[in-house]
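The structure under discussion appears below in the form of structure tokens.
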Amino acid sequence: MSTKEMKPVKEGKVREIYDNGDSLIMVATDRISCFDVILNNTVTKKGAVLTQISKFWFDMTKDIIPNHMISVDVQDMPEFFRQPKFDGNSMMCRKLTMLPVECIVRGYITGSGWASYKENGTVCGIALPEGLQESAKLPEPIYTPSTKAEIGDHDENISYEQSVDYLEKRFPGKGEEYASKLRDYTIALYKKCADYALTKGIIIADTKFEFGLDEDGNIVLGDEMLTPDSSRFWPAEGYEAGHGQPSFDKQFARDWLKANDNHNWTLPQEIVDKTIAKYLQAYELLTGRKLEIA
């Protein structure tokens, strides 16, 4: 097979998608984005952590819903991908028609949800019990979908009812069916994985999933799954409601950027090192093994 240069057909803030004929190859790069901006730094091994954590969860949840993963072994991919920069961070996937809804589930109240609750007692239009503290566990996880924006735009929160209309416009006659399945799958996936993560010392405060349709019209889980980029992971040790929690994600990077106005979207190496250490720690706690990528 030739090693001809392949070009991504789509580039996101972190991911690159390559068309492989009847499949796609999704590469999680070592880029890092904060506040919807790609920073000037790269975070070595970050892409591999994202891909390998997604693989771990895809394997664990295929009893709930099929997913798009075919292989993370570059030997199964065209020769172009058998070079070190693709090893460990590339996933060959089934092609799906993606459903244009980000399926967000919140098990704890934090971030924009906490800000909204303080203002009017609701999160994304869902009324919650009075007297909740910041970072409190919700009585039941809540589903708060959003529209999926193009790069550069911001996603917009919508109610479940709006998600029915939104999907109905794009898939006539299927809005109610797709919306209810997305909600139910999202909650089921979150509950199974959050319960598991808790046994490993990680609280999954919230996350988002993306789904698509296969060639037979079945709903399939796509994109990434329960990574530190798409989720809030908190250490269970030391958790208490009433204030913000330390996290296993880009919080070091976000906090530093907020505290330093003249950052020019560039992090000091020390913050980069702390960030990747958190990603690796999350991977090792969840999977019980070290990341074996050169």
Side-chain angles (χ1 to χ4, degrees), residues 57 60-61 64-65 67 98-149 154-168 175-199 202-212 219 221-236 239-251 286:
W57 293 120
M60 185 192 285
T61 56
I64 296 177
I65 180 175
N67 60 66
M98 296 307 289
L99 295 168
V101 174
E102 297 226 317
C103 298
I104 298 163
V105 55
R106 303 166 191 263
Y108 293 73
I109 188 160
T110 183
S112 61
W114 171 242
S116 169
Y117 176 78
K118 280 193 298 187
E119 199 174 299
N120 57 27
T122 71
V123 174
C124 299
I126 299 169
L128 294 177
E130 286 180 23
L132 292 178
Q133 295 180 285
E134 183 178 6
S135 307
K137 185 175 186 187
L138 297 170
E140 275 295 311
I142 58 172
Y143 174 61
T144 59
S146 77
T147 59
K148 190 152 172 44
H154 287 283
D155 301 335
E156 186 185 334
N157 293 329
I158 51 175
S159 66
Y160 170 73
E161 292 71 27
Q162 286 172 305
S163 79
V164 174
D165 296 341
Y166 189 71
L167 288 163
E168 181 66 31
E176 179 71 59
E177 178 195 337
Y178 289 169
S180 63
K181 282 183 173 171
L182 294 186
R183 176 195 60 201
D184 295 349
Y185 280 138
T186 295
I187 299 281
L189 289 166
Y190 173 76
K191 282 185 167 175
K192 176 171 185 169
C193 298
D195 286 352
Y196 167 83
L198 206 48
T199 69
I202 289 182
I203 290 169
I204 303 176
D206 52 36
T207 193
K208 72 177 173 75
F209 301 115
E210 293 189 34
F211 300 87
I219 294 181
L221 180 58
D223 199 56
E224 63 181 326
M225 183 175 184
L226 285 162
T227 70
D229 267 16
S230 65
S231 323
R232 276 194 182 90
F233 290 169
W234 297 338
Y239 162 76
E240 58 172 11
H243 53 81
Q245 308 296 312
S247 59
F248 286 98
D249 58 14
K250 299 183 281 195
Q251 209 54 50
L286 288 168

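Computed from a predicted structure; not experimentally measured. Positions are given from 1 along the sequence.
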Here the pair of heavy atoms bringing Y239 nearest to I203 is CG-CD1, 3.5 Å
A side-chain contact here means heavy atoms from C-beta on lying under 4.5 Å apart; do P139 and P129 qualify? yes
Nearest heavy-atom contact between P145 and S163 is CG-CB, 4.1 Å
Task: Derivation and outcome, side chain to side chain contact (heavy atoms under 4.5 Å, CB included), residues T207 and I104 - done: CA-CA 6 Å; T207 193; I104 298 163; over 6 Å; no
message = Test side chain to side chain contact (heavy atoms under 4.5 Å, CB included) on M225 and T61; report intermediate values, then the result.
response = CA-CA 10 Å; M225 183 175 184; T61 56; 3.5 Å; yes
Can a donor-acceptor pair be found, under 3.5 Å and without considering hydrogens, that links the side chain of T122 to the backbone of Y117?
no
Quick note, salt bridge (charged side-chain N to carboxylate O under 4.0 Å, His left out) partners involving residues 181-199, not counting sequence neighbours, are D63-K192, E140-K191, E177-K181
Would you check, one step at a time, whether the test side chain to side chain contact (heavy atoms under 4.5 Å, CB included) holds for Y178 with V164? CA-CA 8 Å; Y178 289 169; V164 174; over 6 Å; no
Subject >> Side-chain (E102) to main-chain (E156) donor-acceptor, under 3.5 angstrom >> reply: no
Nearest heavy-atom approach of W57 to A197 is CH2-CB, 4.4 Å
Those residues at least two apart in sequence (or on a different chain) that pass side chain to side chain donor-acceptor pair (under 3.5 Å) with T144 are R106
dist Y166:OH -> S146:OG (nearest 0.5 Å) comes out at 8.5 Å
Residues passing the side chain to side chain donor-acceptor pair (under 3.5 Å) test with N157, sequence neighbours excluded, are none
Closest non-hydrogen atoms of G244 and S135, given as atom of the first, atom of the second and distance, are CA-OG, 3.9 Å
### Message
Donor-acceptor check, side chain of Y185 to backbone of F211, threshold 3.5 angstrom: yes or no?
### Response
no
task = Take T110 and W234 through the side chain to side chain contact (heavy atoms under 4.5 Å, CB included) test and state the conclusion after the steps.
result = CA-CA 11 Å; T110 183; W234 297 338; 3.7 Å; yes
Closest heavy-atom pair, P100 versus L167, reported as atoms and distance to 0.1 Å, is CD-CD2, 3.9 Å
| field | Contact check, side chains of V101 and E210, non-hydrogen atoms, under 4.5 Å | value | no
One should read off an interatomic distance between L128 CG and I126 CD1, to the nearest 0.5 angstrom, of 7.0 Å
message = Do S231 and D249 make a side-chain contact, defined as non-hydrogen atoms from C-beta onward lying under 4.5 Å apart?
response = no
query: Hey, are the side chains of D229 and K250 touching, using non-hydrogen atoms and a 4.5 Å cut-off?
result: yes
With sequence neighbours left out, the residues meeting ring pair (Phe, Tyr, Trp, His ring centres under 6.0 Å) with Y143 are none
*asked:* Strictly distance-based, threshold 3.5 Å: is any side-chain N or O of W114 a donor or acceptor partner for the main-chain N or O of I109?
replied: no
Sorted by chain and number, sequence neighbours left out, side chain to side chain donor-acceptor pair (under 3.5 Å) with T227 holds for E224, S230
- Query: Do the non-hydrogen side-chain atoms of K208 and D223 ever get within less than 4.5 Å of each other?
  - Reply: yes
Q) Side chains of I142 and V105: closer than 4.5 Å at any heavy-atom pair? A) no
Across all chains, not counting sequence neighbours, the side chain to side chain donor-acceptor pair (under 3.5 Å) partners of R232 are D206
To the nearest 0.5 Å, atom CD of Q245 lies from atom CD of E134 at 8.0 Å
*Quick one: are P228 and F233 in side-chain contact, heavy atoms under 4.5 Å?*
yes
- Any L99 side-chain heavy atom under 4.5 Å of L182 side chain: yes
Item checked: S116-E119 side chain donor-acceptor pair, cut-off 3.5 Å -> no
All heavy atoms of Y160 vs all of E176, minimum pair found to be OH-OE2, 3.1 Å
